[in-house]
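Working notes for the structure below.
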Amino acid sequence: MSLLFAAPGWDAGPWLKRFAALLPGHAIVTPDTLADRAAVRYAAVWRHPPGSLAHLPKLEAIFSLGAGVDHILSDPRLPDVAIARVVNADLTARMSEWVVLNCLMHLRQTRRYARQQRERMWADDDDQPAANEVRVGVLGLGELGRDAALKLRALGFPVAGWSARAKNVAGIAGFAGPAGLEAMLAETDILVCLLPLTSATRGILDARLIARLARDGRLGGPVLVNAGRGGLQVEADILAALESGALKAASLDVFETEPLPADSPLWAHPAVFVTPHNAALSHPDAVARAIAAQILAFERGEPLRHVVDRGRGY
Ligand code: NDP
Ligand code: OXD
């Protein structure tokens, strides 16, 4: 029986090595080495070519190599088998680091000081807000959003979180549904987005949403921090909001088109911090171990964990 590893553009070597060590008795194949389609029981994928999972007659489960599954569900010829995603401490910790880093960066104006250093300018800030004066709203209170929210709370930020279904997370003000979103935005200075990309969330970070953010905060304007998916954001609206002052700054890890095209105005915008979709990378050590553990448990007769609800899209 075999595991098909399909992640175009990734260095497959470290993954194949780890899967082979963790799954003795399983052949680990790639689209290039796949000879016997009927032997494939599992697929571990990241942006596999659409249609490439069809015609695997014994396929039992598809594992996303990341937390998101939009890259799988967008395949129009996806076989009707279980899809499981990555939920693991390594990935969660990496994402929270990125979120905390970016919230602190905006709180402590680190980009301003980097610019001042380049200009050899010694200029103190006469109005440095404390974390407890800057309200953070987190869109998505799932595995990643909850951890980031709690770590921001531990630093002193007042934190709220928004989810589809109401959540009760100690220390975090919970909001749910469309009315909850309006209420949370009205009290948000830094908006962190950790939503999945679904038909319900596509384009949610648009001019309408930005206009609803608090304008009376201590940062002098609202800030957007998005590591969810590029399809959640309307980049033309974000740029227009940065020009008009409706947004003060943005930290973006994900983009409508990836890699971010060289001619995108986001690259050079002084108020935008760009990272190349690596807020929380899937490290082969942690992720191969998590997927292999799922496969071994499944073969012992245990149910798969972190199975995606296709109806919801995450
Ligand atoms: P989860 O599925 O655990 O959490 C998703 C959260 O979003 C849940 O709280 C869910 O609500 C909420 N949500 C979904 N749809 C809606 C909606 N229509 N309205 C309100 N809330 C909604 O996902 P994770 O936290 O594990 O991951 C989130 C996303 O982060 C991934 O899908 C991926 O796109 C992105 N990601 C990005 C990475 C990067 O490096 N940039 C790395 C890893 C992930 P409820 O709890 O009620 O279901
Ligand atoms: C993921 C990602 O979904 O890295 O894990 O984007």
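By convention here, the first residue in the shown sequence is residue 1. Below, each value reflects all heavy atoms present in this structure, side chains not excepted, and no hydrogens, waters or symmetry copies. Note that ligands are numbered from 1 as they come in the structure, with each ligand's atoms numbered from 1 the same way.
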Spell out, yes or no, whether Phe255 and Leu195 are grouped together once hydrophobic residues are joined by side-chain heavy atoms under 4.5 Å, including indirect joins.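 Yes, because Phe255 and Leu195 connect within a single hydrophobic cluster, where side-chain heavy atoms sit under 4.5 Å apart.
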
Say whether, by atom type as modelled, one donor and one acceptor occur between the side chain of Trp267 and the main chain of Pro261 under 3.5 angstrom.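 Yes; judged by distance alone, with no hydrogens or angles, the pair exists.
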
Is it true that Asp216 and Arg135 have a side-chain N and a carboxylate O under 4.0 angstrom from each other?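 A salt bridge is present here (some side-chain N lies under 4.0 Å from a carboxylate O).
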
Going from CH2 on Trp162 to CZ on Phe175, what distance comes out if it is rounded to the nearest 0.5 angstrom?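 Going from the CH2 atom of Trp162 to the CZ atom of Phe175 covers 12.0 Å.
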
For the CG atom of Leu3 and the CH2 atom of Trp15, what is their distance to the nearest 0.5 Å?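 Nearest 0.5 Å value for the CG-CH2 distance: 11.0 Å.
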
Can you tell me if His106 and Ser251 form a side-chain donor-acceptor pair at under 3.5 Å?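 Yes, side-chain donor-acceptor contact under 3.5 Å.
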
Hey, does Trp98 have a side-chain heavy atom less than 4.5 Å from the side chain of Val225?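 The answer is yes, as the side chains (C-beta and beyond) meet within the 4.5 Å cut-off.
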
Let me know which protein residues bring a heavy atom to under 4.0 Å of ligand 2; chain then number is fine for ordering.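 Under the 4.0 Å cut-off, ligand 2 touches Trp46, Gly66, Ala67, Gly68, Arg229, His277, Ala280.
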
As a test of reading the model: which residues have a non-hydrogen atom less than 4.0 Å away from ligand 1?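 If the criterion is a heavy atom under 4.0 Å, then ligand 1 touches Ala67, Gly68, Arg85, Leu91, Met95, Gly140, Leu141, Gly142, Glu143, Leu144, Trp162, Ser163, Ala164, Arg165, Lys167, Leu194, Leu195, Pro196, Ala200, Thr201, Ala227, Gly228, Arg229, Asp253, Val254, His277, Ala279, Ala280, Tyr314.
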
Please list all pairs meeting salt bridge (Lys or Arg N to Asp or Glu O under 4.0 Å) that have one or both residues in residues 253-262, counting only residues at least two apart or in different chains.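 Applying salt bridge (Lys or Arg N to Asp or Glu O under 4.0 Å) to every pair that reaches into residues 253-262, excluding sequence neighbours, yields Arg47-Glu258.
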
Partners passing side chain to side chain contact (heavy atoms under 4.5 Å, CB included) against Asp206 (at least two apart in sequence or in another chain):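 Per chain and number, Asp206 pairs via side chain to side chain contact (heavy atoms under 4.5 Å, CB included) with Arg208, Leu209, Val234, Asp237.
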
